[in-house]
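Worksheet: one structure, shown below.
Just the heavy atoms: all of them, side chains too, but no hydrogens, waters or symmetry mates, feed the values below. All figures in this text were calculated on a predicted structure; none of them were measured in a lab.
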Amino acid sequence: MRPSRVLTAGFVLVCGLAAGQAASAAPTPAPSPSAAPSTAPSTGTPADQNDPPNQVDVPDVSTLAAPSFQLPFPCGQSWTGNSSGSSAHRSYEIDFNRGSSASADLGDTVVAAAAGTVVISAHQGSTNGYGNLVKIDHGGGWTSYYAHLNARSVAAGAQVAQGQKIGTVGNTSKPGNNISPHLHYEVRQGTSYPSNIRKAVFNGATFGYPNQTLTSKNACGGSGTTNPHTATSVCGAGYKVIDSAALGSAGTAYLLYNAGNGTNCVATIKKSSLGKATATSAYLEVQGKSRVTDSGSFAYYAGPVRAAAAGKCVKWGGKAGSAVYDSPFEHCG
C-alpha cells in the first residue's frame, strides 16, 4: 500500500549505494568523466558490480543528440538533488529527496526521464547496492538508472513514454545496507563504467552540481486528446478488462483479471488534462484483506494496483478530477 506523503520540501538525505564502498574516501564532486575505462571487454562480464547486465537486448539505434531528459518526477513537484554527499558516488550520480523527514518520500512516484525500452527491472539482491532497479535504454547508447525503488511498475522489455510511472521511491539495497528512502538517478552513454556516466540534463539545462533544487516539467505540456496508455498496457501482459466505470469526462477506472495467476489489477486512465499532473487514484480491496491504493497527482493514469484474488470478492474503484467510483464487493470468482 502506498504510504501517505509529506509534501514539504527541503530535506535531502543521501546515502551510499553499496556497503563495500562506504569506507572509501570522501568523493570529489563531479570529477571528469574521462576517467580510465573498464578493462572488461564490451561483450563480456561487466567489470564493476554497479554495471549489471541487461535482462533484454534492444537494437542499436544511432542518434546525433542526447534524449530530451526531464526530472524523473511528476509535473510540478520540487526535488533536491545531491551528488556529493555519498561516499559511494562516482562522477555525476544524483540522490533525490524532497520531504521534511527521513522517510517522507517513501512511496512517491518515479517517472521515466525520457522515452525508451526497459532493459532491467529487477532487485539486484547481493550483487550491488541498487536494490530495486529500473534501467531504460533511450537509444544511441544513452541509458538512465533509477535505483532503491520501493516498487517497480514496469517489466523488462516494456516500452515507456516520457513521464510514465515506472516505480516508487524506496530504500531497497543489498542485505545489511540500511539506507533512508531516496531516488538514486544516473545517466550513462556507452560502456566502460564509471567513465560513461554523464552530467544529468533536465529540461535542456545541466544539473547544478553538486546540489540543486528543481521543479519538474515532466509531461507538463501535454495537449493531446488521446491518452497513450491503456488499462491493459498499464497492468501488463495477461490482464484483460472485466469491468469499467466512467469518471465523468475526466477518465475511466478499469478492473482487470489475469487468469494465468489469479490476480486482479485496477488502473484509472485519464481522459482530460492529459500530460498535466492532476489528482488521480486507483484502489483494489480483496475481501478480508487490506485495501491497496495508488493516489497522487499523475499526468496520464493511476495504478497499476494488483492483488491475488482468485475465488475472492473484490471492491475496486478510482478517482479522476472530482469524479469518484466505488464498487461494492463483486466479481466473486
For the student: nearest non-hydrogen atoms of [X] and [Y], plus distance:
{"X": "Gly248", "Y": "Lys271", "value": "O-NZ, 4.5 Å"}
{"X": "Ser273", "Y": "Thr278", "value": "CB-CG2, 3.8 Å"}
{"X": "Pro53", "Y": "Ile120", "value": "O-CD1, 3.5 Å"}

Listed once per pair and sorted, the side chain to side chain donor-acceptor pair (under 3.5 Å) pairs that draw on residues 248-261, sequence neighbours left out: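 Output for this query lists Asn261-Thr263.
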
[Y] and [X] side chains, donor-acceptor separation under 3.5 Å:
{"X": "Tyr146", "Y": "Ser144", "result": "yes"}
{"X": "Thr280", "Y": "Lys270", "result": "no"}
{"X": "His148", "Y": "Asp95", "result": "no"}

Show me the donor-acceptor pairs within less than 3.5 Å that the side chains of residues 302-317 make with the rest of the protein, sequence neighbours left out.
from: Arg306; atom 1: NE; to: Cys235; atom 2: O; distance (Å): 3.4
from: Arg306; atom 1: NH2; to: Cys235; atom 2: O; distance (Å): 2.8
from: Trp316; atom 1: NE1; to: Glu330; atom 2: OE2; distance (Å): 2.7

Treating [X] as the side-chain partner and [Y] as the backbone partner, does any N or O pair qualify as donor plus acceptor under 3.5 Å?
{"X": "His138", "Y": "Ala115", "answer": "yes"}
{"X": "Asn132", "Y": "Leu149", "answer": "yes"}
{"X": "Tyr209", "Y": "Tyr92", "answer": "yes"}
{"X": "Asn82", "Y": "Ser84", "answer": "yes"}
{"X": "Asn97", "Y": "Pro181", "answer": "yes"}
{"X": "Arg152", "Y": "Ser121", "answer": "yes"}
{"X": "Asn150", "Y": "Gly107", "answer": "no"}
{"X": "Thr80", "Y": "Thr213", "answer": "no"}
{"X": "Ser216", "Y": "Gln77", "answer": "no"}
{"X": "Gln162", "Y": "Ser68", "answer": "yes"}

query: What about Trp79 and Phe73, are their ring centers closer than 6.0 Å?
result: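 Ring centroids of Trp79 and Phe73 are less than 6.0 Å from each other.
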
Out of curiosity, [X] [atom1] to [Y] [atom2], how far, rounded to the nearest 0.5 Å?
{"X": "Ile166", "Y": "Lys135", "atom1": "CD1", "atom2": "NZ", "value": "13.5 Å"}
{"X": "Asp57", "Y": "Asp137", "atom1": "CG", "atom2": "CG", "value": "10.0 Å"}
{"X": "Gln164", "Y": "Ser233", "atom1": "CD", "atom2": "OG", "value": "7.0 Å"}
{"X": "Ile269", "Y": "Tyr300", "atom1": "CD1", "atom2": "OH", "value": "12.5 Å"}

task: Flag yes if Val111 and Leu106 sit in one hydrophobic cluster, no otherwise; membership is Ile, Leu, Val, Met, Phe, Trp, Tyr, and two members link when side-chain heavy atoms are under 4.5 Å apart.
output: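 No, Val111 and Leu106 fall in different hydrophobic clusters.
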
- prompt: Do Ser126 and Pro175 come close enough that some side-chain heavy atom pair is under 4.5 Å?
  reply: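 Result yes, sub-4.5 Å side-chain heavy-atom pair found.
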
- request: Run through Phe207, Phe202, Tyr130 and flag the one making a ring pair (Phe, Tyr, Trp, His ring centres under 6.0 Å) with Tyr185.
  value: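 Looking at Phe207, Phe202, Tyr130, the match for Tyr185 under the ring pair (Phe, Tyr, Trp, His ring centres under 6.0 Å) is Phe202.
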
message: If the test is side-chain hydrogen bond (donor to acceptor under 3.5 Å, both in side chains), which one of Glu93, Arg188, His184, Glu186 qualifies with Tyr145?
response: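 Of the listed residues Glu93, Arg188, His184, Glu186, the side-chain hydrogen bond (donor to acceptor under 3.5 Å, both in side chains) partner of Tyr145 is Arg188.
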
